[in-house]
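Whatever order the structure lists ligands and atoms in, that order sets their numbers, starting from 1.
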Amino acid sequence: MKAIDRVKLIGFPVRGDERGKLIAVENDTDIPFSIRRIFYIYGSDDKVVRGQHANRRSEFVLINVAGSCKIRVTDADGETRVFVMDDPSVGLYLPTMVWKDMYDFSPDSVLLVLSNEKYDPDEYVRNFDEFLKGKTEGADR
Ligand code: TYD
């Protein structure tokens, strides 16, 4: 399967009642990996582009829990998809070795990111041309 076709939106069940809403995300059932890291991005705006890399080992699920942002995903064949993230009940699953750009953040955007791996700067691919040419080691899935 093409890497871009492994990118998918995941809808989480909303457990709402008269007190408000709650979403629970559990390893292996709601998301397709075991979570080893959580980080969140906030305080960005519509002028910045974040991400701009691929990861050899990290998979991600990104959930915009407040506000909105856009995520552009590109695979090594240059195929691109853009996702508007504005719903806390929807996550975007990214497999390894896809290039991502996050942009168009609303001032109140909080982008929650779950990953199967701890942070390791050495597993980042930061050169887009090399990524596109598929020259990068580690594209094993
Ligand atoms: P960076 O990779 O530039 O963020 P983005 O992908 O959103 O553009 O990371 C910003 C800073 O945070 C940088 O100093 C590395 C650090 N960082 C961690 O310490 N742990 C992490 O899990 C991540 C994603 C970043």
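The presence of a protein heavy atom under 4.0 Å from atom 4 (O) of ligand 1 is confirmed. Within a 4.0 Å radius of atom 14 (O) of ligand 1, the protein has no heavy atom. For atom 11 (C) of ligand 1, no protein non-hydrogen atom is found at a distance below 4.0 Å.
Numbered from 1 in the order shown, with element, the atoms of ligand 1 that lie under 4.0 Å from a heavy atom of His53 read 6 (O). Atoms of ligand 1 found under 4.0 Å from any heavy atom of Ile41 (numbered from 1 in listed order, with element): 7 (O).
Without hydrogens or angle criteria, Arg126 side chain to His53 main chain gives no donor-acceptor distance under 3.5 Å. The backbone N or O of Ile4 sits less than 3.5 Å from a side-chain atom of Arg81, completing a donor-acceptor pair. Asp104 places no side-chain N or O within donor-acceptor distance of the main-chain N or O of Lys70, the cut-off being under 3.5 Å.
Considering backbone and side-chain N/O atoms, Arg37 comes within less than 3.5 Å of an N/O atom of ligand 1. Remark: ligand 1 and Tyr124 share no N or O pair separated by less than 3.5 Å (distance only, no angle test).
Ion pairing between Asp77 and Lys2 fails under the 4.0 Å rule for side-chain N and carboxylate O. With respect to Arg57 and Asp122, no salt bridge is recorded, no charged nitrogen being found less than 4.0 Å from a carboxylate O.
Ranking the protein heavy atoms by distance from atom 9 (O) of ligand 1 puts Arg50 NH2, 4.5 Å first. For atom 8 (O) of ligand 1, the closest non-hydrogen atom on the protein side is Gly51 N, 2.9 Å. For atom 20 (N) of ligand 1, the nearest protein heavy atom (residue, atom name, distance) is Tyr119 CG, 3.3 Å.
Taking a 6.0 Å sphere around CZ of Phe12, one finds it holds more than 12 heavy atoms contributed by other residues, nucleotides or ligands.
Using a 4.0 angstrom heavy-atom cutoff, Lys118 does not count as in contact with ligand 1.
Checked against a 6.0 Å centroid threshold, the rings of Tyr124 and Tyr119 count as neighbours.
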Side-chain polar contacts of residues 21-28 - donor-acceptor pairs under 3.5 angstrom, sequence neighbours left out - could you list them?
residue : atom : partner : partner atom : Å
Asn27   : OD1  : Ile35   : N            : 2.8
Asp28   : OD1  : Ser34   : OG           : 3.3
Asp28   : OD2  : Ser34   : OG           : 3.4

